[in-house]
J.: 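Below you'll find the structure I mean.
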Protein chains: 2
Amino acid sequence: MPTTRSQRATAAVAAGAAATMLKLNVVTSAPAPVASAAPTSAVGASASVVGAGAAALAAAATVRPSKRCAKKEKVVRMATATEVDVDTECINAIRFLAVDAVNKANSGHPGAPMGQAPIGYLLFAEEMQYNPEDPKWVNRDRFVLSSGHGCMLQYSLLHLAGYKSVSIDDIKQFRQWGSKTPGHPENFETEGIEVTTGPLGMGISNAVGLAAAEAHLAAVYNKPGMELIDHYTYTIAGDGCMQEGISHEACAYAGHLGLGKLIVPWQQQAAQASKTAEKAFYDDNGITIDGHTDLSFTEDVGKRFEGYGWQVLEVPEGNTDVDAIRKAIKEAKACTDKPTLIKVKTTIGFGSPNKADSHDAHGAPLGADEAEATRKQLGWNYGEFEVPEQVYDTFSKHAKAGAEKQAAWEKVWKEYQEKEPELAAQFKRAVVDRKLPENWDDALPKVTPEDKGKATRLHSQDCLNAIANVLPEFMGGSADLAPSNMTLMKCTGDFLKDSYAERNMRFGIREFGMGAVANALSLDKTGMIPYCATFTIFTDYMRGAIRIAALSQAGTIFVGEDGPTHQPIETIPSLRLIPDLTVMRPADGNETAGAYKYAVERSKNESRPTMMAFSRQAVPNLPNSSVENTLKGAYEVIECADPEIILIGTGSEVGLCVDAAEKLDKKVRVVSMPSCEVFRAQPDSYKSELLPADVPKMSVEAACTSGWGEFADAFVGIDVFGASAPGGTCLDKFGFNVDNVTSCAERCLSGERGVLSNGSQGKH
Amino acid sequence: MPTTRSQRATAAVAAGAAATMLKLNVVTSAPAPVASAAPTSAVGASASVVGAGAAALAAAATVRPSKRCAKKEKVVRMATATEVDVDTECINAIRFLAVDAVNKANSGHPGAPMGQAPIGYLLFAEEMQYNPEDPKWVNRDRFVLSSGHGCMLQYSLLHLAGYKSVSIDDIKQFRQWGSKTPGHPENFETEGIEVTTGPLGMGISNAVGLAAAEAHLAAVYNKPGMELIDHYTYTIAGDGCMQEGISHEACAYAGHLGLGKLIVPWQQQAAQASKTAEKAFYDDNGITIDGHTDLSFTEDVGKRFEGYGWQVLEVPEGNTDVDAIRKAIKEAKACTDKPTLIKVKTTIGFGSPNKADSHDAHGAPLGADEAEATRKQLGWNYGEFEVPEQVYDTFSKHAKAGAEKQAAWEKVWKEYQEKEPELAAQFKRAVVDRKLPENWDDALPKVTPEDKGKATRLHSQDCLNAIANVLPEFMGGSADLAPSNMTLMKCTGDFLKDSYAERNMRFGIREFGMGAVANALSLDKTGMIPYCATFTIFTDYMRGAIRIAALSQAGTIFVGEDGPTHQPIETIPSLRLIPDLTVMRPADGNETAGAYKYAVERSKNESRPTMMAFSRQAVPNLPNSSVENTLKGAYEVIECADPEIILIGTGSEVGLCVDAAEKLDKKVRVVSMPSCEVFRAQPDSYKSELLPADVPKMSVEAACTSGWGEFADAFVGIDVFGASAPGGTCLDKFGFNVDNVTSCAERCLSGERGVLSNGSQGKH
């Protein structure tokens with residue numbers, strides 16, 4: 001049902017087509033380089049020769065000549081029919097796979113893929129270096145779809161490119177139970193997907209991490225004439241990504257690092273999802289598109305990115321002007337010391353006569369009728385899920401070139417192994433095979449109860465430095481708190497623009513961006529073991545990144561420092577709720593070493609994340625603590641064969657439990673539980689022996705009590721916000737002292753259950 | 001112990017002093033306005049007359065002439081000794097209160113206040129409109145210290161300005177148990193503090209909200225000649241605030257709104273905390289200051305803010321050039337359609353001969369010796385906590401002027417009540433008295449079980465619109481998801497640059513910024529009831545804002561939409577852990593109305609936050625559901641006097657429990673528990689009657705099971721990540737179907753306890 005609005009949009013598109021046919025719309029903020037290396041052959045079926053996407057606008061698939069300008073010098077030449085068709089057909093094939101899959105699933109987002117298809121086509125059929133036969137080839141270009149809801153773009157591209165992970169049947173199963181084509185791209189479901197995206201802003205931040213990994217590995221391993229690591233990272237981002245704060249953090253960091261091989265086509269939509277959505281409420285289809293966009297997003301993104309130190313390019317007509325996109329990518333590659341943002345203006349749902357440029361194309365199927373109308377508008381004479389052979393041919397030609405590149409790479413790698421045996425061995429172990437060295441953990445420090453107690457953040461510093469010495473793939477840093485959470489590696493320098501070979505990352509006060517960058521180091525699948533650190537309380541700022549590390553199987557090691565700052569009383573319990581995240585709260589030196597052993601092996605061998613929380617205050621070294629016991633999740637610190645009561649502590653409260661046990665005139669077992677998750681995974685026999693059902697058990701943790709019912713009968717904790725005062729005073733006032741713990745233990749012994757002390761006595 | 005580094009710093013400062021004496025260092029990105037309204041009298045003790053802060057550098061307090069340029073036309077004139085002394089002494093008084101308090105507490109951050117003192121002085125002794133006798137005067141200027149760790153600045157200013165909340169004894173109690181001067185500013189502890197700050201980036205985002213509140217109230221209430229609301233919002237931000245993603249979100253939004261009365265002196269430190277901290281590791285005191293700053297933060301913040309649509313000014317020497325700051329503030333005020341960022345370069349720990357410009361001045365006391373040396377360097381001849389009378393006089397003169405302004409305002413207000421009785425009544429009720437209208441809740445919709453079931457997000461839409469009609473102080477919006485979470489008010493338009501009187505806020509895809517802005521609407525203490533909405537899962541992006549709403553007593557209503565998107569399985573349980581936050585998960589229409597009644601009254605009457613999660617899928621209207629029952633937190637949906645088992649459900653799972661109860665061949669009570677927190681607050685008798693200890697109880701919730709041990713013996717939930725498929729399929733596969741619930745209930749009846757179904761059966 002055409003409306004005034006859609007009629008205008010259609011007219012505008014047609015006009016745009018005419019207008020863009022004769023110009024090359026690349027606006028640059030830097031001096032334009034010499035005309036790019038575009039092929040000059042005017043005839044031929046190769047997709048790499050052509051770019052007359054404007055012809056996609058022909059209402060029927062009739063053959064007709066198209067003019068294009070391939071060079072700045074305005075050499076206008078005639079494109080053959082074949083040329084036009086290949087470009088057009090490839091782009092439309094992407095569009096209609098998306099349209100058909102979303103229609104079949106009866107849910108999903110067709111609009112973004114329809115607009116982004118030309119960018120995706122250029123990347124996967126011309127620009128990107130990949131080999132579908134070996135999706136894990138270390139030197140592949142990385143691609144991230146930051147606007148992950150439009151994942152049918154990525155599935156279409158992987159399918160056309162020949163990845164076995166996405167067959168045409170998989171595409172037909174879009175968003176269905178058990179399929180390889182879920183509603184957002186998942187790296188652990190579908191080979192060829194680098195990172196899970198969907199939560200906006202996270203993908204572009206992952207891309208920064210992937211580009212950082214490339215820069216680092218290239219600096220460490222490349223030798224003259226033997227460039228083991230030399231590839232680009234591309235990410236398509238949308239307006240939403242640009243609005244999210246995490247994009248600020250990560251992109252400012254990328255600009256700071258000068259990551260020249262990061263290229264971001266930003267799909268600046270003429271109309272944005274929710275903007276036009278209000279039509280439904282107001283029925284205001286007379287409102288201009290500008291009016292919609294202006295609702296919340298009027299910043300000059302280009303200026304902002306220039307402020308970050310990026311190169312900013314612009315493609316004013318991204319729906320049809322394939323050549324302009326091609327040219328911009330070339331220009332992006334020519335700039336080697338800055339990341340590049342390419343503003344590509346596209347139309348959501350491009351090609352749909354009644355839904356283009358409107359919210360209707362965003363998050364709902366076009367429907368059968370509109371799909372048919374779109375076929376007519378774009379001259380697409382194929383059936384549902386039908387892909388012309390020459391489209392497959394075009395993509396496979398490029399994929400084959402990728403396979404040849406990998407073959408050439410393998411030769412270089414062979415030569416490298418001969419000429420650089422030592423580095424080659426390290427590359428093979430750490431990057432290719434992704435294995436830890438044997439007995440690597442011998443490097444971890446050990447303590448005895450006789451050693452002077454100190455803060456576990458200092459034990460953490462010892463461990464981290466020990467690991468840094470033996471594992472060159474261990475890399476990371478802190479969100480501007482290194483001198484407090486003690487996470488600087490002494491054996492290496494700062495990973496900065498001119499020192500990519502170093503490993504201390506200076507993330508700045510950018511927790512969320514830090515988390516996403518660190519996740520990407522792991523998801524790069526080049527064996528890196530990333531860590532990132534802040535105060536425990538500020539994990540709230542990066543919770544989205546921690547959660548997705550768990551969901552998408554990134555082996556990030558998150559380091560938090562405990563302490564009174566901002567009262568992180570519910571922080572650790574809330575992190576324990578995240579599935580597949582292991583939380584560690586070590587009580588002393590050996591438990592800290594055990595936590596690191598666990599975290600490093602879990603990162604490298606399983607690609608799974610661990611969160612470790614360390615103390616600011618000194619804690620004693622405990623009897624029985626060891627790496628081995630830590631790896632059980634919980635164990636007896638004070639042994640007692642036939643206890644009357646069991647005290648369970650974590651971290652800095654284990655010492656308190658030991659002191660309380662000494663004062664109690666009873667048989668007391670003290671259990672340290674550095675990790676609930678690890679303990680939960682132990683054999684039932686061990687669990688019931690350590691914590692027998694018929695012995696009263698009381699937990700003691702300076703955190704909220706919720707969740708302790710799984711292991712204990714009575715709880716000492718803090719369920720209220722804290723206060724500002726010296727740390728010892730606070731702990732005392734809120735009940736973390738020997739008197740209160742022993743008194744609660746007596747109450748537990750006499751049958752009281754549930755929360756016995758919740759800190760409310762300390763409120764003033 | 002002077003080092004090469006500190007010697008150089010001292011020399012640079014001295015040189016700077018000489019250099020800045022003769023110029024007015026205001027660099028603007030816009031055409032400079034005509035010379036400001038600076039007083040021209042050359043003689044007099046009034047602090048508003050002078051600004052020769054450069055003289056603060058005199059090594060002794062000897063009287064000496066100083067030259068300054070008060071106008072662009074370079075009218076150089078002699079300042080009298082008295083002039084110099086007042087400015088200098090006021091600024092130094094601020095500095096030394098901070099130095100002495102941190103020394104006495106033996107913890108805290110002296111460096112930032114020492115650098116920010118001139119800005120603070122100008123604001124509190126010259127620019128700001130406030131009356132210490134009535135800190136809640138609605139038309140006061142708002143001040144936010146976004147870099148909250150430097151709170152001794154704010155305490156010093158409040159004390160000098162005459163706020164009774166901060167006596168000199170309170171300052172001596174800095175950071176002590178029970179004091180009015182905690183380690184970060186807390187609005188609920190200390191009168192005169194507008195918002196709690198500390199977590200970086202949040203304060204500047206709150207300031208955006210305060211400025212938005214001003215713009216809205218002014219647009220709604222001001223009448224020609226009767227401007228009830230007409231004030232500025234100032235916030236001092238640091239480098240850290242600028243790096244945090246939330247500052248991007250909120251400041252882009254502020255630029256979009258064109259909030260001309262928001263003025264942000266950004267304390268750009270020559271050296272930043274952690275940057276120089278690495279000295280400790282590297283002992284590299286030869287490294288230049290630039291080298292330190294460059295570690296992670298090299299963006300052009302000014303360019304970025306221009307991209308947002310802000311005016312950007314610069315004060316190159318903020319330690320001493322008080323006049324330049326004064327001039328910049330005037331210029332900021334002259335620009336009425338854009339917020340203004342003033343880049344003020346200051347030195348951390350300014351005045352300390354051995355610690356200025358170094359990490360040592362950041363987060364640790366100067367110590368007695370260095371305090372003494374600093375006294376010498378700045379010519380401060382007073383003892384600890386000693387404040388010269390003329391400093392108090394200067395501030396109280398300004399405070400008195402503020403009291404006079406309020407008196408004038410009261411006159412206007414009286415006139416307003418006569419001329420605009422209707423609006424005046426609304427202003428009095430909503431803004432001044434901050435009361436809800438009687439029986440306001442009659443407007444809330446009611447349903448019966450016979451009414452067709454629908455998604456609670458649609459019930460929410462009904463409630464929200466009903467409230468919008470009767471409460472003009474109800475204002476808010478969504479992070480670009482209004483058409484999905486149904487949070488648009490139909491009776492009002494969009495709150496935008498040219499329509500500040502409207503109430504639908506278009507936050508954009510900026511969850512964290514949205515949360516902080518909404519919090520500030522409540523903390524403005526002008527009676528506004530703010531709401532903000534997203535998908536429930538994305539509360540993770542704004543968790544920092546939700547938490548601080550609870551901690552700092554902001555009456556924000558957070559609205560989430562449930563549903564399969566991104567698998568929010570642990571989200572609601574994790575929000576329940578936050579102290580003083582109430583989480584509501586209504587099961588039908590009446591529970592939705594009850595949740596809104598609770599949330600609105602809690603916001604307006606108690607200034608406390610509520611989080612509400614609504615369903616995407618349709619749910620039936622339940623027997624017994626009512627507003628009254630909802631306000632008990634939990635109640636019987638299916639009554640049963642003598643139950644064999646009790647099923648406890650929340651939200652969309654209550655209907656499932658009802659269906660399961662019908663199939664079970666037992667006496668079953670079904671309890672709906674829309675809010676654990678509200679139920680927890682009920683009398684013990686009610687709780688034990690509803691959930692008797694001796695009846696087996698099983699919880700059913702599509703979320704992780706942790707925490708349910710408080711109310712139930714056995715649990716049906718999901719402790720694993722979900723999957724991508726149609727919603728009904730997912731629920732079924734993960735065990736949320738009648739068969740599984742009845743089978744688990746049978747197991748519970750036969751004595752099984754703990755997690756009976758955790759969704760792992762659905763993993764593929």
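In what follows, every chain begins at residue 1, and chains take the letters A, B, ... in the order their sequences are listed.
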J.: Which value, rounded to the nearest 0.5 Å, describes the distance between Leu257(A) atom CG and Thr298(B) atom OG1?
T.: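 Atom-to-atom, Leu257(A):CG and Thr298(B):OG1 are 8.5 Å apart.
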J.: Side chain from CB out, backbone as N, CA, C, O: work out which of these in Ala550(A) comes under 4.5 Å of a heavy atom of chain B, or both, or neither.
T.: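 Both backbone and side chain.
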J.: Given that the side chain runs from C-beta out, which part of Met242(B) has a heavy atom under 4.5 Å from chain A: side chain, backbone, both or neither?
T.: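 The backbone, not the side chain.
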J.: Can you check whether Ile537(B) reaches Arg547(A) side chain to side chain, under 4.5 Å on heavy atoms?
T.: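 Touching, per the 4.5 Å side-chain cut-off.
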J.: Would you find a donor on one side and an acceptor on the other, under 3.5 Å apart, between the side chain of Ser296(A) and the backbone of Phe507(B)?
T.: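 It does not hold such a pair.
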J.: Rounded to the nearest 0.5 Å, how far apart are CZ of Phe721(B) and CZ of Phe188(A)?
T.: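 Answer rounded to 0.5 Å: 8.5 Å.
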J.: Measure the shortest side-chain to side-chain distance between Ser574(B) and Glu570(A) over non-hydrogen atoms and say whether it is less than 4.5 angstrom.
T.: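 Not in contact.
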J.: Checking Ser247(B) now: which residues fulfil side chain to side chain contact (heavy atoms under 4.5 Å, CB included) with it, not counting sequence neighbours?
T.: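 Here the qualifying residues are His248(A), Ile204(B), Arg304(B).
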J.: Tell me, out of Gln176(A), Lys303(A), Arg576(A), who's got the most heavy-atom pairs with chain B below 4.5 Å.
T.: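 Maximum pair count with chain B is reached by Lys303(A).
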J.: So for Met542(A), is it side chain, backbone, both, or neither that comes closer than 4.5 Å to the heavy atoms of chain B?
T.: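 Neither; nothing under 4.5 Å.
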J.: Within the 4.5 Å heavy-atom criterion, are Asp494(A) and Leu295(B) side-chain neighbours or not?
T.: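 A side-chain contact under 4.5 Å exists here.
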J.: By side chain to side chain contact (heavy atoms under 4.5 Å, CB included), which residues pair with Thr729(A), not counting sequence neighbours?
T.: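 Checked Thr729(A) against side chain to side chain contact (heavy atoms under 4.5 Å, CB included); matches are Ala725(A), Pro726(A), Lys733(A), Trp177(B).
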J.: Give, as side chain, backbone, both or neither, the part of Leu496(A) having an atom under 4.5 angstrom from any heavy atom of chain B.
T.: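 Leu496(A) touches chain B through side-chain heavy atoms alone.
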J.: Heavy atoms, side chains only, cut-off 4.5 Å: are Leu577(A) and Leu577(B) in contact?
T.: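 Yes, their side chains come closer than 4.5 Å.
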J.: Given 3.5 Å as the limit, does a donor-acceptor pair link the side chain of Ser724(A) with the main chain of Gly183(B), or not?
T.: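 Side chain of Ser724(A) to backbone of Gly183(B), a donor-acceptor pair under 3.5 Å: yes, one is there.
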J.: For the backbone of Ala252(B) and the side chain of Glu299(A), can you confirm whether one donor and one acceptor N or O come within less than 3.5 Å of each other?
T.: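 It does not hold such a pair.
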J.: Assess the residue pair Phe512(A) and Tyr541(B) against the criterion (side-chain contact (heavy atoms from CB on, under 4.5 Å)); give the C-alpha distance rounded to whole Å, side-chain angles, the decisive distance to 0.1 Å, and a yes or no.
T.: CA-CA 9 Å; Phe512(A) 199 5; Tyr541(B) 271 47; 3.8 Å; yes
J.: So, Gln243(B) side chain and Gly508(A) main chain: donor-acceptor pair closer than 3.5 Å or not?
T.: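 Checking the backbone N and O of Gly508(A) against the side chain of Gln243(B), no donor-acceptor pair under 3.5 Å is found.
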J.: Before accepting this row, confirm whether a basic side-chain N of the pair Arg510(A)/Glu244(B) lies closer than 4.0 Å to the acidic partner's carboxylate O.
T.: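 Here Arg510(A) does not pair with Glu244(B) in a salt bridge, since their nearest N and O are not under 4.0 Å apart.
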J.: Select, from Pro182(B), Cys241(B), Gly709(B), the one with the greatest count of heavy-atom pairs under 4.5 Å involving chain A.
T.: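 Looking at each of Pro182(B), Cys241(B), Gly709(B) in turn, Pro182(B) comes out on top.
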J.: Can you tell if the side chain of Ile569(B) reaches within under 4.5 Å of the side chain of Pro579(A), non-hydrogen atoms only?
T.: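 Touching, per the 4.5 Å side-chain cut-off.
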